[in-house]
Undergrad: 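Below are the structure tokens for one structure; questions will follow.
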Amino acid sequence: MSFTSHMETALQEARAAGERGEVPVGAVVVDPSGRVVARAGNRMRELHDPSAHAEVLAIRAACAAAGSERLPGHALYVTLEPCPACAAIISAARIARLYYGASDPKSGGVAQGPRIFTHTQAHHVPEIYDGIAAEESERLLKAFFAARR
């Protein structure tokens, strides 16, 4: 099977989140056969839920579709480096591969800050690929925040 990036789909979700007034972050979960099984954008404001990050919503939907709390062999594409809470959920869900766009020096939990996957408490560590469509992800975030200042 050849590799297909699903970051453009994650970027579509990020754009839609930004249009809703949410921080423009999007996520996509892909099953082992390469089929998109869930996609989401941030919905924290809309749902009044601080845990309604794109990654969490996409993982919840993928788990519901799989009928399992674990997603072995699945990949997660997200436009921004996951925060510490999302990284812990990625570990708990046993996501096989994490692809992310922009790094997050302020709130990241993978390569920045607490680096969740380096802790012995991390039950599972996915393969990590960063910098995928990072420029477009960063541009969306910077434009969103610039418009609010």
Undergrad: Please evaluate residues R43 and L57 with respect to the criterion side-chain contact (heavy atoms from CB on, under 4.5 Å), reporting the C-alpha separation (whole Å), side-chain torsions for both, the decisive distance (0.1 Å), and the verdict.
TA: CA-CA 8 Å; R43 293 189 179 271; L57 297 174; 3.8 Å; yes
Undergrad: Using residues 23-30 as the side-chain source, report each donor-acceptor pair under 3.5 Å to any protein atom, sequence neighbours left out, with the distance given to one decimal.
TA:
none

Undergrad: Any chain of hydrophobic side-chain contacts (each under 4.5 Å) joining Y129 to V78?
TA: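 In one cluster with Y129: V78, no.
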Undergrad: Under 3.5 Å, sequence neighbours excluded: what are the donor-acceptor pairs made by side chains of residues 137-149?
TA:
residue, atom, partner, partner atom, Å
S137, OG, T79, O, 3.1
S137, OG, A133, O, 3.1
R139, NE, E136, OE1, 3.1
R139, NH2, E136, OE2, 2.8
R148, NH1, F144, O, 3.1

Undergrad: Please list every donor-acceptor pair under 3.5 Å in which a side-chain atom of residues 116-125 meets a protein atom from a residue at least two apart or in another chain.
TA:
residue, atom, partner, partner atom, Å
T118, OG1, R115, O, 2.7
H119, NE2, P114, O, 2.8
H124, NE2, I95, O, 2.7

Undergrad: What distance do L76 atom CG and I128 atom CD1 have between them, rounded to the nearest 0.5 Å?
TA: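 Rounded to the nearest 0.5 Å, the CG-CD1 separation comes to 11.0 Å.
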Undergrad: Please list all pairs passing the salt bridge (charged side-chain N to carboxylate O under 4.0 Å, His left out) test where one or both residues lie in residues 87-97, with sequence neighbours left out.
TA: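 For residues 87-97, and leaving out neighbouring residues, there are no salt bridge (charged side-chain N to carboxylate O under 4.0 Å, His left out) pairs at all.
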Undergrad: Hey, could you give me each pair passing side chain to side chain donor-acceptor pair (under 3.5 Å) that has a residue in residues 58-76? Not counting sequence neighbours.
TA: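 Residue pairs with at least one partner in residues 58-76: S51-R60.
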Undergrad: Can you name the closest pair of heavy atoms from P32 and P72 and give their distance?
TA: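 Heavy-atom minimum between the residues: CG-O, 3.8 Å.
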Undergrad: Under 3.5 Å, which donor-acceptor pairs link side chains of residues 6-14 to any protein atom two or more places apart or in another chain?
TA:
residue, atom, partner, partner atom, Å
E8, OE2, R15, NH1, 3.0
Q12, OE1, R39, NH2, 3.1
E13, OE1, G41, N, 3.4
E13, OE2, R39, NE, 2.7
E13, OE2, R39, NH2, 3.3

Undergrad: Donor-acceptor pair, E22 side chain versus M44 backbone, under 3.5 Å?
TA: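 Yes; at least one donor-acceptor contact below 3.5 Å.
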Undergrad: With sequence neighbours excluded, what pairs up with D130 under the side chain to side chain contact (heavy atoms under 4.5 Å, CB included) test?
TA: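 Side chain to side chain contact (heavy atoms under 4.5 Å, CB included) check on D130 returns Y100.
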Undergrad: Please list, chain by chain and in numerical order, all residues satisfying salt bridge (Lys or Arg N to Asp or Glu O under 4.0 Å) with D31, sequence neighbours excluded.
TA: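 Partners of D31 by the salt bridge (Lys or Arg N to Asp or Glu O under 4.0 Å) criterion, ordered by chain and then number, come out as R35.
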Undergrad: Work out which heavy atom in P84 is nearest to a heavy atom in S107; give both atom names and the distance.
TA: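 Nearest heavy atoms, P84 then S107: CD-O, 3.3 Å.
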Undergrad: Return the set of residues passing side chain to side chain donor-acceptor pair (under 3.5 Å) with E135 (not counting sequence neighbours), or none when no residue passes.
TA: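 Result, side chain to side chain donor-acceptor pair (under 3.5 Å) vs E135: none returned.
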Undergrad: Are Y77 and V36 connected in a single hydrophobic cluster, I mean Ile/Leu/Val/Met/Phe/Trp/Tyr linked by side-chain heavy atoms less than 4.5 Å apart?
TA: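 Hydrophobic grouping puts V36 with Y77.
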Undergrad: Any heavy-atom pair between the side chains of Y99 and S5 that's under 4.5 Å?
TA: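 Not touching, per the 4.5 Å side-chain cut-off.
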Undergrad: Nearest heavy-atom pair of V110 and A87: which atoms, and what distance?
TA: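 Scanning both residues, the minimum pair turns out to be CG2-CB, 4.3 Å.
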Undergrad: Go through the structure and list residues passing side chain to side chain contact (heavy atoms under 4.5 Å, CB included) with C83, not counting sequence neighbours.
TA: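 Partners of C83 by the side chain to side chain contact (heavy atoms under 4.5 Å, CB included) criterion, ordered by chain and then number, come out as H53, A85, C86.
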Undergrad: Can you give me the closest heavy-atom contact between G101 and A134, atom names plus distance?
TA: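 Looks like O-CB, 3.6 Å.
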Undergrad: Just jot down the salt bridge (Lys or Arg N to Asp or Glu O under 4.0 Å) partners of R20, sequence neighbours excluded, or say none.
TA: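 Per chain and number, R20 pairs via salt bridge (Lys or Arg N to Asp or Glu O under 4.0 Å) with E46.
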Undergrad: Taking side chain to side chain contact (heavy atoms under 4.5 Å, CB included) as the test, write out the residues that go with P105, two or more places apart.
TA: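 Scan of P105 (side chain to side chain contact (heavy atoms under 4.5 Å, CB included), adjacent residues dropped) gives S103, Q112.
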